[in-house]
There are 2 protein chains.
Amino acid sequence: MKTSTQKTGYHHGDLRKSLVETAQAMLKEDGIECLSLRKLAVRVGVSRTAPYHHFKDKNALLCAIAQNGFEQWTSMTKETFSQQHKTLPEQYRDFVRGYIGFATTNPELYDLMFGRTIWKQNAATESLKEVAYPSFQYQVQLTRRWQQEGVMPKNLDSLRLAQVTWGTLHGIARLLIDGIYADNSHIEEMCDVTVAMFTRSLVS
Amino acid sequence: MKTSTQKTGYHHGDLRKSLVETAQAMLKEDGIECLSLRKLAVRVGVSRTAPYHHFKDKNALLCAIAQNGFEQWTSMTKETFSQQHKTLPEQYRDFVRGYIGFATTNPELYDLMFGRTIWKQNAATESLKEVAYPSFQYQVQLTRRWQQEGVMPKNLDSLRLAQVTWGTLHGIARLLIDGIYADNSHIEEMCDVTVAMFTRSLVS
DNA sequence: AAAACAATGTTGACAGTGTCAAGTTACATG
DNA sequence: CATGTAACTTGACACTGTCAACATTGTTTT
């Protein structure tokens, strides 16, 4: 009869889930540099080293959060492409806006998902890779389709084109969330220019 | 008769310069997460808190390194545009390659110059801003010129276009140096596709 | 030249971090 | 009920940035 959220005082119930959720909340509130395992433990109401029974180290916890993020991102993106009544260029525009919107709405999460903290030293968990790699591949598939449908130039290598177009979205996202584009009031226009440059079909 | 590199035993000579140079070397060798003030002090041969007489805090030291980086970057870029015998599209291609080359050759420095560590909490030193802002502006000027010369589309707002094109370079650079594009063997091709997308004049 | 001062360097201390080792409690299974 | 294991706790360690108090050196003023 024990539910996963039940607490006994000593045993927490479902500490792993609590840790990820609370950590994600703390991440959103105060940024990654303020997220420490010890503060997290206090907030969850558990001792400093309890998290180590559920995560090998801090990196593994961060990977779990990022994994969460990829699942959110994937479901959001798939929804964009379920709008069958829209033209492909319109869908691409929505995709671009959605991508940048996701990044600016969840800057710290985006940083974790696509930032050096996890990827640079090849620190990604296996289970994170299983979620992240397909979503990288997904962008190449999309690009190939847009090329076939004539939305993007056909003469360019799909992989390279995908790298460049994704690079653009990533770059704009990063410049926004890292505080280099201090002014966040022209995001839509930037998206539109991006679409115009890559598709030449919505804006003149 | 005292030169700036002279040492007396107690007084160092030119500690500030030594700190920046050694820190930049350590940054390049082991990455930013391994760069601590204490290790730096040991390597320079000085006590832990000596750096505080030359830099308000660690952030100020990082800003000084970044400032160095901007000066390097600016002089490198200006050189690209001094190649008068080349056509404008060729110059743009060289600029793109130079930009990505700078980032991949000095990944940690690039991260410091254009990353969240400094910019996100508005932690940039005044003297860093004096160097960095003009080099941001410089990219807008370049874009405007390329539009006037017909290399880039004239109908788009220069600022937005500059944001997108720079965003592309920044995004590709970040994906490379953050370890998300694990394969570094097709950088030139990515640059060429970028040029093709934005200028449509070198590659078909 | 002596004295006062400012710049530069040092040691000690503190709070904070991630993480390991050893012990404790609660639950599950024979 | 006994035993084992998973979950959790306290103690400890090395490391970090930074402050306060003190020491040394170089410079300026009397």
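Chain letters run A, B, ... following the sequence lines, proteins first, then strands; residues in each count from 1. Because the structure is predicted, anything quoted here is derived from the model rather than measured. The analysis underlying the following values was restricted to heavy atoms, covering all of them including side chains, and did not include hydrogens, waters or symmetry mates.
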Where does the angle between the aromatic ring planes of A/Phe95 and A/Trp146 fall among parallel (under 30°), tilted (30 to 60°) and perpendicular (over 60°)? tilted

Is the A/Phe114 ring parallel, tilted or perpendicular to the A/Tyr99 ring (thresholds 30°, 60°)? tilted

Please work out whether the ring planes of A/Trp166 and A/Phe136 are parallel, tilted or perpendicular, with thresholds of 30° and 60°. tilted

B/Lys120 with A/Glu108: basic N within carboxylate O range, under 4.0 Å: yes

Spacing between A/Asp14 atom CG and D/dA6 atom P, to the nearest angstrom: 17 Å

Through what angle, rounded to 10 degrees, does the axis of the helix from C/dA1-D/dT30 to C/dG30-D/dC1 turn between its ends, using five pairs per end? 0°

Are A/Arg160 and B/Glu188 within salt-bridge range, i.e. N to O under 4.0 Å? no

Does A/Glu90 come within less than 4.0 Å of A/Arg97, counting only side-chain N to carboxylate O? no

Whole-Å distance between C/dT17 C1' and A/Leu62 CG? 14 Å

Rounded distance (Å) that lies between atom P of C/dG18 and atom CG of A/Leu40: 9 Å

Within this structure, what is the CG-to-P distance between A/Leu15 and C/dA26, rounded to whole angstrom? 16 Å

Quick one: what's the B/S/- string for nucleotides 12-20 of chain D, heavy-atom cutoff under 4.0 Å, read 5' to 3'? B---BBBB-

Check the distance between C/dT19's C1' and A/His54's NE2 and give it to me in whole angstrom. 16 Å

Taking atom C1' of C/dT8 as reference, at what distance in whole Å does atom NZ of B/Lys17 sit? 18 Å

I would like to know whether B/Trp73 and B/Tyr110 meet ring pair (Phe, Tyr, Trp, His ring centres under 6.0 Å); could you show each step before the answer? CA-CA 10 Å; B/Trp73 183 85; B/Tyr110 185 92; 9.0 Å; no

All salt bridge (Lys or Arg N to Asp or Glu O under 4.0 Å) counterparts of B/Lys154, not counting sequence neighbours: none

Gap between atoms CD and C1', on B/Glu33 and C/dT17 respectively (whole Å): 16 Å

